[in-house]
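Next up is a structure, given as structure tokens.
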There are 2 protein chains.
Amino acid sequence: MAIDTKTALLDSAERAARTLGFDGFSYADLAEDVGIRKASIHHHFPSKANLSVALMQRYLAKFEAVRAEFDANPRTGGAHLDAIIGNYRAGINGGKSLCLCVTFTTSRDSLPPEVADLIRRFRIMMMDWLEAAFRTGQGDGSITGVLDPAIEAAATLPLLEGAQLAARTQEDPVLFDKAMQLLKQRIKN
Amino acid sequence: MAIDTKTALLDSAERAARTLGFDGFSYADLAEDVGIRKASIHHHFPSKANLSVALMQRYLAKFEAVRAEFDANPRTGGAHLDAIIGNYRAGINGGKSLCLCVTFTTSRDSLPPEVADLIRRFRIMMMDWLEAAFRTGQGDGSITGVLDPAIEAAATLPLLEGAQLAARTQEDPVLFDKAMQLLKQRIKN
DNA sequence: GTCTATAAGTCGATAGAC
DNA sequence: GTCTATCGACTTATAGAC
């Protein structure tokens, strides 16, 4: 899957962080998973704090790209909202995984301030995408009952993250779907 | 504040877990906070796994009592929903803290299965309270736009937990309030 | 019930050879 | 860029005196 060692390490660390939390895995775990010695990891990521920043940078960049690609063609607001929900649904991985923002938030104080800032930027980006989706959906009729797109977005991002948590508590993606049911009913594509 | 050492340890551990995550504090931290030696903690809680179960048991019992007390007198559905939102709002502690269920969920796999079961019971209790609130509010007109109380509850619990996360990301309780704005607008007390 | 002392292991991180 | 070897700090946990 991974072309180079650095990418393999990021992949392994992201998987571990989203499943066990950032304090729940060690360089020894990564070393075993990737197949190198743990001292070698320090060549790519001098410190674990450094690794946490790299993880969050890549995560933000990935979802900025996802959004940009989806924005390339014109869509209904409902289609945008559906796509965002789909991304969060895919992120739970059968109820075993959470958004990196969620796991990092629980250990916020042990992480470098740069991570908190990247999470803030991720949330602004996602909130902006959601607000645009609701505004478009309000205009084209693809989302019902929209009064204020900004207020809708401010409620929807927490709902998406909370729905991932719900699924994770019982390792059951159905709990994610139940949490999203009310919102999904409002999409008329 | 705490009468006995065991309670003081539970208080300290709960504060630490909700702020730093369960993997983010050690017996040494508790010892310093409570003012005893770390070996003495093992007399009250033989292992850290044991402590995690005790924390979750007390947390569940506390909120079952909160609900029972609030249920003692008849109220509108809107008043119930308001009370639940108020409890979660109080739990964020200025944006520094999360619900124990949320922090424990991120380190789910490192905790004893009993904890996962207690979280499940906590969620069932809270979901039941929410559903009753929406059902009552549907009947007495204190909550607008309720079609299916069960579906509303399934979306609201994740929203409450997600709103806590939002506030925690930037240590700003206003983000909790913004997340709850849409729901709060529907309460007509 | 709290203490001192200590075990046995893991943690992130470094030095230096290849 | 990966390795072996090792460091010092920290982790949970135990034994046994008081």
Taking DNA chain D as the partner, which of residues 13-26 of chain A come within under 4.0 angstrom of it by heavy atom? none
Angle between terminal axes - the helix from C:dG1-D:dC18 to C:dC18-D:dG1, 5 pairs each end, rounded to 10°: 10°
Please name all residues satisfying salt bridge (charged side-chain N to carboxylate O under 4.0 Å, His left out) with A:Glu64, sequence neighbours left out, ordered by chain then number. none
Are A:Leu183 and A:Phe176 co-members of a hydrophobic cluster defined by side-chain heavy atoms under 4.5 Å apart? yes
Tell me, which pairs form a side-chain hydrogen bond (donor to acceptor under 3.5 Å, both in side chains) where one or both residues lie in residues 23-34 of chain B, sequence neighbours left out? B:Ser12-B:Asp33, B:Arg15-B:Asp33, B:Ser26-B:Asp29
Residues two or more places apart in sequence or in another chain: which of them pass side-chain hydrogen bond (donor to acceptor under 3.5 Å, both in side chains) with A:Ser47? none
Is there a residue in residues 40-49 of chain B whose heavy atoms reach under 4.0 Å of DNA chain C, and which residues are they? B:Ser40, B:His43, B:His44
Of all nucleotides in DNA chain D with an atom under 4.0 Å from a non-hydrogen atom of chain B, which is the first and which the last going 5' to 3'? D:dT11 to D:dT14
For A:Ile151, the rest of its hydrophobic cluster, which grows through side-chain links under 4.5 angstrom: B:Leu182
Spacing of A:Lys38 atom NZ relative to C:dA13 atom P, expressed in whole Å: 11 Å
What residue pairs, at least two apart or across chains, pass side-chain hydrogen bond (donor to acceptor under 3.5 Å, both in side chains) with a residue in residues 132-153 of chain B? B:Glu131-B:Arg135, B:Asp140-B:Ser142, B:Glu152-B:Arg186
Is A:Leu118 reachable from A:Val66 through a run of I, L, V, M, F, W or Y residues, each pair having side-chain heavy atoms under 4.5 Å apart? yes
Using atom CZ of B:Arg37 as one end and atom P of C:dT4 as the other, report the distance to the nearest whole Å. 5 Å
Does any non-hydrogen side-chain atom of B:Phe22 lie less than 4.5 Å from one of B:Thr103? no
To the closest 0.5 Å, what do you measure between CZ (B:Phe25) and CD (B:Glu14)? 10.5 Å
State whether B:Asp82 and B:Arg89 are salt-bridged, where the test is any N-O pair (Lys NZ or Arg NE/NH1/NH2 against Asp/Glu carboxylate O) under 4.0 Å. no
Residues that, via side-chain heavy atoms closer than 4.5 angstrom, fall in one hydrophobic cluster with A:Leu98: A:Val102, A:Leu165, B:Leu98, B:Val102, B:Leu165
B:Arg75: partners by salt bridge (charged side-chain N to carboxylate O under 4.0 Å, His left out), with sequence neighbours left out: none
By a strict heavy-atom criterion of less than 4.0 Å, which residues belonging to residues 51-59 of chain A are in contact with DNA chain D? none
